[in-house]
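Notes follow once the structure below has been shown.
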Amino acid sequence: MVDLKSHLNSSQYQAVTTTDKPVLVIAGAGSGKTRVIEYRTLHLVQQGINPQSILLLTFTRKAAAAMLSRAAAHDPKCEQIDGGTFHSFAFKILKRYGKTIGLENNFTILDSADSNELIGSVMGKLGYLDLKKRFPKKETLKGIISKSINKQTAIKNILEREYPQFEEFNQEITNLRQAYTKAKLEASYVDYDDLLVYLKILLENPEMRQRLASQYQHIMVDEYQDTNKLQGDIAYYLAESHGNIMAVGDDAQSIYGFRGATHQNIMEFPVRFPNCQVIKLEENYRSTQLILDLGNVVLDSMKDKYEKKLAAANKQSGLKPEIVTFKNPYDEATWLAQTIKMMRDNGIDLGKQAVLFRSAFISIPLQSELSKLGIPFQVYGGVKFYETAHVKDLVAYLKIVQNFTDELSWIRILKLIENIGPKTAEKIVASLQNCINLNQVIQTLDDEFGSDFSYSQGIKRLLKLLSKLDSDGLALGDIFNFCFDYYKPLLKKHFDDWHLRLSDLETLQDIAASYESLDSFLSDLALEPPERGVAQVDGTYDEEKPLTLSTIHSAKGLEWDSVFLIGMIEGVLPSRFALNFADQIEEEHRLFYVAVTRAKRQLYLTMHHEGGQGGLYQFNRVSRFLEDRRILEKLEQNMVELSKPKNKRVKLVSDDFEEIDTKDKKTLFEKINESWRM
DNA sequence: GCCAGCGGCGTTTTT
DNA sequence: CGCCGCTGGC
Ligand SMILES: Nc1ncnc2c1ncn2[C@@H]1O[C@H](COP(=O)(O)OP(=O)(O)OP(=O)(O)O)[C@@H](O)[C@H]1O
């Protein structure tokens with residue numbers, strides 16, 4: 001038996017051991033909410049609860065895996081607990097019970113690019129592509145439709161609040177949503193939102209609800225402030241009958257409003273579960289007091305806050321957070337890379353440091369600098385590996401093996417053949433309508449398009465691949481290799497930088513190798529996409545965990561000794577897209593709060609004045625979040641100017657840095673040592 | 001109908 | 001700078 005009290009403070013202990021009623025834990029950053037969930041699963045299992053009757057819903061599957069493996073270190077049975085995201089849970093349930101609501105179980109998951117594509121095609125069919133006036137683009141339409149679903153409200157309400165310029169198209173967009181839904185059902189496509197919608201529909205059936213509630217006797221939901229209405233409903237349905245639910249969250253860390261999340265779920269929890277116990281955690285175990293002092297001021301300046309203050313459990317105060325401003329992005333990158341390297345050489349491993357940013361593009365100069373210096377790093381967030389064109393191309397072949405009726409994939413595959421464009425691809429796919437298996441597809445393609453056309457040679461080559469694929473009992477590895485071999489020449493033809501892309505595909509090959517089945521590989525690719533590999537370099541850092549570069553969104557729930565929050569620029573944080581909406585600026589403000597509270601011991605904020613990563617030149621202003629005097633009081637202020645960059649296009653060599661900054665480096669060095677002595 | 005080449009424009013966040 | 005959409009030759 002683990003002695004819970006030696007790992008938990010008294011409020012945490014109470015949260016962990018209250019298992020006979022609904023519990024809501026609401027507390028600030030770093031107060032040990034995640035730890036509560038971790039020990040509560042352990043406690044339940046040690047009480048004799050069947051681990052398979054515990055459901056742990058988290059924000060990423062990685063977060064669930066981390067918690068469960070820590071709990072399993074105390075009791076291996078915890079490995080058997082069911083954990084993952086709402087989406088992956090929905091996927092699992094729908095694979096199993098989807099038939100009861102009329103969903104085929106070989107459904108294909110549409111990632112966001114796929115769904116945009118399908119929306120485009122539906123738009124075409126409805127004749128909305130050539131409307132005279134300014135009709136929204138398909139990406140925008142997907143956003144509007146998605147938000148109306150996640151908020152469970154009419155299109156009209158979304159338009160009124162967020163897209164007033166498109167209000168006149170309410171009728172068309174509503175039609176489009178209906179046609180899109182129908183198109184998906186006909187093709188057994190399920191997009192991300194559908195996973196939640198269908199699960200909710202499934203749960204509306206009392207019999208299914210009862211069945212799942214008895215299978216999952218204990219529900220735990222992390223990051224509850226970032227769930228949306230659908231997810232809130234799902235959690236409610238699962239727990240309604242037995243009331244064994246714990247939700248934990250922090251309204252000040254709600255950063256997924258753009259996806260329909262609302263802290264209302266937290267507020268309504270006590271209404272939905274009237275006998276619930278609300279527990280607050282007051283102490284912060286993560287950060288030094290000086291970092292929390294800044295965090296508290298950020299918290300204070302939020303418009304609709306719920307009273308909360310962060311107090312450090314650790315009384316050593318550490319280093320004052322620092323704002324460092326630069327003339328241009330290259331100076332900033334040089335300084336960052338040097339400082340990170342220096343900290344690493346002074347005992348803070350790369351794995352204990354992170355660079356955080358609002359948007360991935362702001363980290364590009366730093367990425368080249370790190371590569372130049374041979375510092376290994378891993379990037380989280382930003383453009384997804386699996387959404388790049390070449391990966392999507394290759395995956396399209398795999399998808400038609402899994403589900404040969406997947407028209408979007410057929411069109412993609414066909415368009416890769418020389419002399420086949422959108423029209424011809426549509427025509428060919430239309431002729432395949434009545435095929436009932438892959439073999440018939442092969443026949444039809446051969447009969448109707450295998451000769452006489454400018455593209456027939458390409459079709460013949462595709463047919464060879466398809467015949468190889470049309471055979472039972474192929475291993476995933478074989479399928480992958482057949483497709484890969486077929487695709488390689490096309491890759492070289494379509495992309496100038498094919499060698500870079502080829503190595504991505506080799507990475508994909510490695511990932512695929514770790515899967516048993518095509519089905520699980522494809523669903524994971526969509527539901528829990530793999531990160532791009534570590535940017536590898538020479539042997540200096542072998543065995544050392546790489547530096548983390550991450551969007552603030554992807555850094556949620558995590559912590560590092562040193563955190564560099566870069567791009568503290570008006571228009572970046574807060575994002576320029578948020579500037580016209582007060583509630584969205586508030587969300588940016590919460591992002592700032594989340595970023596600041598990731599740091600355990602050292603926090604640096606940076607920005608550069610000269611914009612112009614190519615494109616427009618402009619003078620960047622410091623983020624409005626730093627203009628507040630109370631904030632500035634909590635920050636050390638510094639301006640670093642590197643020597644003689646006559647032409648900002650000229651890359652700075654590290655010599656420049658060595659020359660001018662020795663003084664600064666010494667003081668930094670001293671500061672670091674000071675902080676370790678604290 | 002396909003596709004290469006040119007010019008204008010604009011850089012979110014995620015399952 | 002890089003992506004997207006448009007144009008015009010094939
Ligand atoms: N009772 C405790 N004693 C010592 N350390 C603790 C205690 N509770 C939590 N911690 C440590 O504090 C840090 C933050 O905890 P945790 O990640 O659980 O906080 P959180 O509330 O989930 O934070 P966030 O809201 O930022 O996700 C972790 O390093 C954790 O190990």
Side-chain angles (χ1 to χ4, degrees), chain A residues 57-63 84-91 109-115 129 137-140 142-143 146-147 149-150 190-197 199 223 226-228 230-231 254-261 329 356-365 380-384 386-389 414-427 453-455 458 493-494 496-497 523-529 531 550-556 567 569 571-579 584 587-588 590-591 594-595 611-618 649:
Chain A
L57 294 169
T58 55
F59 212 72
T60 64
R61 202 180 297 180
K62 222 168 62 199
T85 60
F86 275 90
H87 290 88
S88 67
F89 174 65
F91 175 76
I109 297 184
L110 292 183
D111 65 34
S112 40
D114 296 332
S115 22
L129 277 180
K137 289 196 303 231
K138 54 181 190 288
E139 291 79 13
T140 315
K142 177 74 208 321
S146 180
K147 206 166 230 179
I149 291 167
N150 282 297
V190 171
D191 70 17
Y192 293 123
D193 301 332
D194 292 334
L195 286 167
L196 303 180
V197 171
L199 177 58
E223 310 281 10
D226 283 322
T227 56
N228 61 36
L230 271 170
Q231 292 166 317
S254 167
I255 54 176
Y256 279 86
F258 68 91
R259 171 174 122 172
L356 305 183
F357 33 82
R358 175 62 175 83
S359 329
F361 76 92
I362 209 85
S363 72
I364 288 169
Y380 297 87
V383 183
K384 304 272 174 339
Y386 78 110
E387 288 197 347
T388 53
L414 290 167
K415 281 202 294 193
L416 285 166
I417 294 174
E418 184 142 44
N419 293 322
I420 297 183
K423 294 285 177 191
T424 310
E426 289 280 0
K427 187 181 80 186
F453 297 99
S454 59
Y455 48 79
K493 191 172 83 77
H494 279 91
D496 292 340
D497 58 348
S523 60
D524 270 18
L525 214 51
L527 292 177
E528 192 71 7
E531 311 297 339
S550 174
T551 58
I552 301 171
H553 285 92
S554 297
K556 175 196 218 350
I569 294 169
V572 175
L573 182 67
S575 158
R576 62 194 195 80
F577 296 104
L579 301 182
Q584 291 184 29
E587 181 150 315
E588 300 290 311
R590 293 191 292 271
L591 270 166
V594 170
Q613 298 257 25
L616 317 147
Y617 287 97
Q618 54 169 11
R649 297 256 158 220

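Chain naming here is simple, since letters A, B, ... match the order of the sequence lines and numbering starts at 1 in each.
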Touch check for Leu196(A), heavy atoms < 4.0 angstrom, all strands: base, sugar-phosphate only, or nothing? nothing
Is the shortest distance from a Lys or Arg side-chain nitrogen in Lys142(A) or Glu139(A) to a carboxylate oxygen in the other one below 4.0 Å? no
Tabulated below should be each protein N or O lying under 3.5 Å from an N or O of nucleotides 8-10 of chain C; please produce it.
none

Taking atom C1' of dC3(B) as reference, at what distance in whole Å does atom NZ of Lys423(A) sit? 16 Å
Please list each protein N or O that sits under 3.5 Å from an N or O in nucleotides 12-15 of chain B, with the distance.
| residue | atom | partner | partner atom | Å |
| --- | --- | --- | --- | --- |
| dT12(B) | O2 | Arg358(A) | NH1 | 3.1 |
| dT12(B) | O2 | Arg358(A) | NH2 | 2.5 |
| dT13(B) | OP1 | Ala360(A) | N | 3.0 |
| dT13(B) | O4' | Arg358(A) | NH1 | 3.0 |
| dT13(B) | O2 | Arg358(A) | NH2 | 3.1 |
| dT14(B) | OP1 | Thr551(A) | OG1 | 3.1 |
| dT14(B) | OP1 | Ser554(A) | OG | 3.0 |
| dT15(B) | O4' | Arg259(A) | NH1 | 3.3 |
| dT15(B) | O3' | His87(A) | ND1 | 3.4 |

Enter the distance from Ser88(A):OG to Leu527(A):CG here, rounded to the nearest 0.5 Å. 6.5 Å
Measure from the side-chain N and O atoms of Gln231(A) to the backbone N and O of Phe86(A), and report whether any donor-acceptor pair falls under 3.5 Å. no
Rounded to whole Å, please give me the gap between CG in Leu416(A) and C1' in dC3(B). 14 Å
When the C1' atoms of dT13(B) and dC4(C) are considered, how many whole Å apart are they? 22 Å
Is the count of non-hydrogen atoms from other residues, nucleotides or ligands lying under 6.0 Å from Lys423(A) atom NZ greater than 12? no
Any side-chain heavy-atom pair from Phe357(A) and Ile552(A) closer than 4.5 angstrom? no
Write down the distance between CD1 (Ile417(A)) and P (dG1(B)), rounded to a whole number of angstrom. 18 Å
Atom CD of Gln618(A) to atom P of dT11(B): distance rounded to whole Å? 12 Å
In whole angstrom, give me the gap between the P atoms of dT12(B) and dG5(C). 15 Å
Stepwise, does the side-chain hydrogen bond (donor to acceptor under 3.5 Å, both in side chains) test hold for Thr85(A) with Glu528(A)? CA-CA 9 Å; Thr85(A) 60; Glu528(A) 192 71 7; 5.2 Å; no
With Tyr192(A) as reference, evaluate Leu110(A), Asp111(A), Val197(A) under the side chain to side chain contact (heavy atoms under 4.5 Å, CB included) test and give the passing residue. Asp111(A)
Atom-pair distance (CD on Glu139(A); C1' on dG5(C)), nearest Å: 13 Å
How long is the straight-line distance from OG1 of Thr58(A) back to CG of Asp226(A), given to the nearest 0.5 Å? 12.0 Å
Should Phe258(A) and Tyr256(A) be marked as a ring-ring contact (aromatic ring centres under 6.0 Å, His included) after you check the CA-CA gap, both sets of side-chain angles, and the distance that decides it? CA-CA 5 Å; Phe258(A) 68 91; Tyr256(A) 279 86; 5.4 Å; yes
Between atom CG in Leu573(A) and atom P in dT11(B), what is the gap in whole Å? 17 Å
